[in-house]
> 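Dumping the structure here so I can ask a few things about it.
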Amino acid sequence: MGKVSYTDLVNPAVLNQPTYEPGKPIETVAREFGLDPCGIIKMASNENPLGPSPLAQSAVAKMLGEVNLYPDGGATQLRERLAKHWGLKPSQFLIGNGSNEVMILLAQAFLRPGDEVVFGSQAFIVYKLAALMFGAVPVAVPMPDYRHDLAAMRAAITEKTKLVFLTCPNNPTGTINSPASIINFAKDLPEHVILCLDEAYTEFLDEAADLRPLIAEGRKVVCARTFSKIYGLAGLRVGYLYGSEEVIGLVQRVRQPFNVNLVSQIAAVAALDDSAFVKLSKEVNSEGLRQLTAGLSVLGLEYVPSHGNFLVFHIENAAGIFDALQKQGIIVRPLAGYGMPNSLRVTVGTHEQNERFLRTLGELLKTSNIK
Ligand SMILES: Cc1ncc(COP(=O)(O)O)c(C=O)c1O
C-alpha cells in the first residue's frame with residue numbers, strides 16, 4: 001500500500017487550479033491579531049456596507065420556519081420575478097449559488113479540452129479558474145490603463161475560442177468600456193464564440209450596455225448578475241445568468257437540482273422590489289468614492305478611477321500596508337495575484353468606515369515613510 005497517491009489519480013485539471021483567495025473574514029483577522037471582531041471593518045470583498053436589503057431581511061425572517069422543506073429546484077418564483085424585471089421570459093434565466101456558480105456552469109456546459117477562453121489579464125480570476133477546470137486554455141489579454149482592450153481581445157480570438165468573459169465595471173480595477181463599444185464588440189464576434197458579460201457591478205453605473213436586443217437577435221451573448229453587491233445579499237449566495245432560451249436550457253442540464261436554497265430564493269425576490277435600497281446604496285457609493293479618492297489624493301497616493309463599489313490605489317510595500325491595516329482592524333484586498341503587487345483594493349464603505357480607513361492609512365504612511 002502507499003505506492004499510488006491521490007495526486008496520481010486526480011484529474012490533472014485539478015492540479016492546475018490556482019487557489020482563489022477571498023477577502024479575509026472578520027473572524028479570521030480577529031483571531032490572528034487578537035482583536036475584537038466588533039471593531040473590525042471588512043473592506044475587502046465589495047460587499048454592501050449598508051447591510052442587506054431591508055425587504056429581503058423581512059422576507060428571510062418569515063421563511064426560516066419552512067427550511068425543513070426542499071427549495072423549489074426550478075426557482076420558479078424568482079425566475080418569474082426576474083422575467084418581469086427584465087421584460088424577458090422565465091425560461092431565459094438560470095439561478096445559481098452566486099453568479100460565480102452560473103459562470104462555472106456555463107463553462108462546464110460548453111468547454112471542451114483545448115478550447116480557448118479569452119478575458120482581460122486583470123479581470124476577475126474566476127474566468128481563468130473556469131477555463132482550467134474544464135481543460136480549456138486561458139487567454140489573458142493585457143489591459144493597458146487597467147481597462148479591457150476590446151480590439152486586442154477581438155484580435156486574440158481564434159477558431160478555438162469558445163468563451164469570452166467581459167466585465168463592466170471590471171473587478172478589481174473598476175474600469176469600464178462604453179456601452180456602444182461593448183455592443184459593437186459583441187456584434188463583431190464570430191458565430192462560434194459565446195460572450196459572457198459579467199454585470200456584477202453594473203447597478204452602480206448610470207449608463208450600461210443593454211445586451212437584450214442582441215440576445216433577441218440570436219447573437220451568442222449571455223449576461224451574469226448577482227445579488228451579492230448592490231442588494232447586499234453576498235452571504236446568501238444568489239446570482240443568475242440570462243440569455244436565449246436555448247443557451248439557458250443547455251446550461252440548466254448541468255445544474256444540480258437544489259443548487260439555490262429556499263431562503264436565498266425568497267430574499268432575492270424581495271430584494272428586486274427594494275428599489276429604495278438600491279437607490280440609496282448607489283448614492284452612498286458615489287459619495288464614498290468621492291470621499292476615498294479625495295482622501296487618497298491628500299495622502300499623495302495614486303488610484304485607478306473607479307465606477308464600481310471599490311477602488312484600487314498604488315502604494316509601495318502594499319503587502320506590509322495590508323498587514324498593518326489588518327492589525328488596526330481594517331481588511332482590504334492585496335492584488336499581487338492580479339499582477340499588481342504595489343496596489344491594494346479597498347471596498348467603498350460607509351462615511352465613517354471610509355474616514356477610519358483614510359485616517360489609519362495616513363497614520364501608517366507617517367510612521368513608515370512609505371508612498
Ligand atoms: C466581477 C465579479 N463577478 C462575479 C462575482 C461573483 O459574485 P457572486 O458569486 O457573489 O455572485 C464577483 C465577486 O466578487 C465579481 O467581482
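Every heavy atom of this structure was used, including side-chain atoms; hydrogens, water molecules and symmetry mates were not. Counting convention: from 1, in listed order, for ligands and their atoms alike.
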> Report the residue from L325, N317, I315 that forms a side-chain contact (heavy atoms from CB on, under 4.5 Å) with L364.
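In the set L325, N317, I315, the residue that makes a side-chain contact (heavy atoms from CB on, under 4.5 Å) with L364 is L325.
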> Quick check on contacts: which atoms of ligand 1 are under 4.0 angstrom from a heavy atom of T226?
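Close to T226: 8 (P), 10 (O), 11 (O).
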> Under 4.0 angstrom from ligand 1, any heavy atom of F227?
no
> Ligand 1 versus S228, non-hydrogen atoms closer than 4.0 Å: side chain, backbone, both, neither?
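It is the side chain that touches ligand 1; the backbone stays farther off.
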> At the 4.0 Å heavy-atom cut-off, does T167 count as touching ligand 1?
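Per 4.0 Å heavy-atom rule, T167 contacts ligand 1.
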> Any carboxylate oxygen within less than 4.0 angstrom of a Lys/Arg side-chain nitrogen, looking at E191 and K220?
yes
> Kindly identify the option in N170, D198, L236 whose heavy atom sits closest to atom 3 (N) of ligand 1.
D198
> Among N100, N261, V260, find the residue that satisfies the side-chain contact (heavy atoms from CB on, under 4.5 Å) test when tested with R237.
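The side-chain contact (heavy atoms from CB on, under 4.5 Å) with R237 is passed solely by N100 among N100, N261, V260.
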> Can you check whether Y127 has an N/O within less than 3.5 Å of an N/O in ligand 1?
no
> Quick check on contacts: which atoms of ligand 1 are under 4.0 angstrom from a heavy atom of K229?
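Heavy-atom distances to K229 below 4.0 Å select 13 (C), 14 (O).
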> Any chance NZ of K162 has more than 12 other-residue heavy atoms, nucleotides or ligands included, within less than 6.0 Å?
yes
> Does S99 reach ligand 1 with a nitrogen or oxygen that is under 3.5 Å from one of the ligand's nitrogen or oxygen atoms?
yes
> Quick test: of every protein heavy atom, which one is nearest to atom 12 (C) of ligand 1, and how far off is it to 0.1 Å?
F124 CZ, 3.3 Å
> Looking only at heavy atoms, what is the nearest atom pair of S91 and I248, with distance?
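Reported closest heavy-atom pair: O-CG2, 3.5 Å.
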> Is N171 touching ligand 1 with its side chain, its backbone, both, or neither, if touching means heavy atoms under 4.0 Å apart?
side chain
> Can you name the atoms of ligand 1, numbered from 1 with element, that are less than 4.0 Å from a heavy atom of R237?
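Contacts of ligand 1 toward R237, numbered from 1: 8 (P), 9 (O), 10 (O).
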> Taking NZ, NE, NH1 and NH2 as the nitrogens, is one of them in R147 or D145 under 4.0 Å from a carboxylate oxygen of the other?
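The answer is no: the pair does not qualify as a salt bridge.
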> More than 12 non-hydrogen atoms from neighbouring residues, nucleotides or ligands closer than 6.0 Å to CD on Q17, yes or no?
yes
> What is the minimum heavy-atom distance between N354 and G349, and which atoms define it?
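Looking at all heavy atoms of both residues, the shortest contact is OD1-N, 2.8 Å.
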> Please confirm whether A200 comes under 4.0 Å of ligand 1, counting heavy atoms of the residue only.
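It does; at least one heavy atom falls under 4.0 Å.
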